[in-house]
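What follows is a short report on a single structure.
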Amino acid sequence: MENPLDLLRLALNERVVVKMRGERELAGKLHAFDQHLNLVLSDVEETITVNEVDQEPTTTTRKLDMLFVRGDGVILCSPPLRV
Amino acid sequence: MTPSEFLATVLGRPVEVKLDTGVVYKGVLASLDGFMNLVLEQTEEFVNGKKTRAYGDAFLRGNNVTYISLQKGAAA
C-alpha cells in the first residue's frame, strides 16, 4: 500500500465505518471518495452520541438511503476485516 | 533527523497516534502521505486511557493528527 487513500480504493463497494467530528458515526457502503475524503455512501446508519454533564451518554440512530459526506468532517474510515 | 526522516523510519512499525480530540490510536503504521493521512493496521482506540474499540485497518485523516510516536518497547 503506497498511498493511504489506497485503503479506501480497496474498500470501494464494501461497508465501511466512518467516525466524524461531533460524535457522529456512519456505517454504509462506500460508493465513491476523493482526495478531500468527500464520500458517497449508501444504506447508511448514522449514530449520534450526546454527552451531557451529569447524565449517561445517549445515542440516537437514523437510516439514510444515500449520503454525500463533506470530507473535512471525517476523522477515521475503516473497512470491514478482510478474512 | 528531519521530521520526514523520522516518519520514514517509523513506517511499518508500531506507533501511537494522538488526535486533536485527545483520542489515541495504537497500531502498525502501514502508509503515510504528505497530508499526514495515514493507515494503521491492528488498530486499537483509546479514550481517556481506556481501550474503547479495535479496527483491522483504519484510515485517519491527517488534519486530525497531533502527534505520531513510536510505541514504547519498539526500538527504532
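All values reported here derive from a predicted model rather than from experimental measurement. Within every chain, numbering begins at 1; the chains are lettered A, B, ... in the order of the sequence lines, protein sequences first and strands thereafter. Atoms considered below: every heavy atom in the structure, side chains included; atoms not considered: hydrogens, waters and symmetry mates.
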Going hydrophobic residue to hydrophobic residue with side-chain gaps under 4.5 angstrom, can you get from Y67(B) over to V17(B)? no
Please say yes or no: joined through hydrophobic side-chain contacts below 4.5 Å, possibly via intermediate residues, are L70(B) and I68(B) part of one cluster? yes
Nearest 0.5 Å, what's the CG-NZ distance between N64(B) and K19(A)? 10.5 Å
Under 4.5 Å from any heavy atom of chain A, what part of L60(B) do you find: side chain, backbone, both or neither? both
Taking all non-hydrogen atoms of both residues into account, name the closest pair between D72(A) and N63(B) and its distance. O-ND2, 4.4 Å
Can you tell me if CG on N48(B) sees more than 12 non-hydrogen neighbours from other groups inside 6.0 Å? no
Cluster question for you: counting only ILVMFWY and a side-chain heavy-atom cut-off of under 4.5 Å, with indirect links fine, are V28(B) and V39(B) together? no
Shortest non-hydrogen separation from L37(A) to R61(B) and the atoms involved: CB-NE, 3.7 Å
Are L11(B) and L7(B) connected into the same hydrophobic cluster when the rule is that any two of I, L, V, M, F, W, Y join if their side-chain heavy atoms are below 4.5 Å apart? yes
Largest heavy-atom contact set with chain B, pairs under 4.5 Å, which of Q35(A), E2(A), R21(A): R21(A)
A quick test of your reading: do over 12 heavy atoms of other residues, nucleotides or ligands sit less than 6.0 Å from CE of M36(B)? no
Which bit of F35(B) is near chain A, if near means a heavy-atom gap under 4.5 Å: side chain, backbone, both or neither? neither
Side-chain contact, heavy-atom cut-off 4.5 Å: V17(A) with R53(B)? yes
Quick check: does any side chain N or O of N37(B) sit under 3.5 Å from a backbone N or O of N3(A), one acting as donor and the other as acceptor? no
Nearest heavy-atom approach of P4(A) to S31(B) is N-OG, 3.0 Å
Under a single-linkage definition using a 4.5 Å side-chain heavy-atom cutoff for Ile, Leu, Val, Met, Phe, Trp and Tyr, are Y25(B) and V65(B) assigned to the same hydrophobic cluster? yes
Criterion side chain to side chain contact (heavy atoms under 4.5 Å, CB included) against F59(B), the qualifying member of L76(A), V16(A), L5(A): L5(A)
Under 4.5 Å from any heavy atom of chain A, what part of L40(B) do you find: side chain, backbone, both or neither? neither
Do you know the tightest heavy-atom contact between L7(A) and A58(B)? CD2-C, 4.1 Å
For N13(A), I'd like to know if atom CG has over 12 heavy atoms of other residues, nucleotides or ligands within 6.0 Å. yes
Can you tell which of L8(A), V18(A), V74(A), I75(A) has the highest number of heavy-atom pairs within less than 4.5 Å of chain B? I75(A)
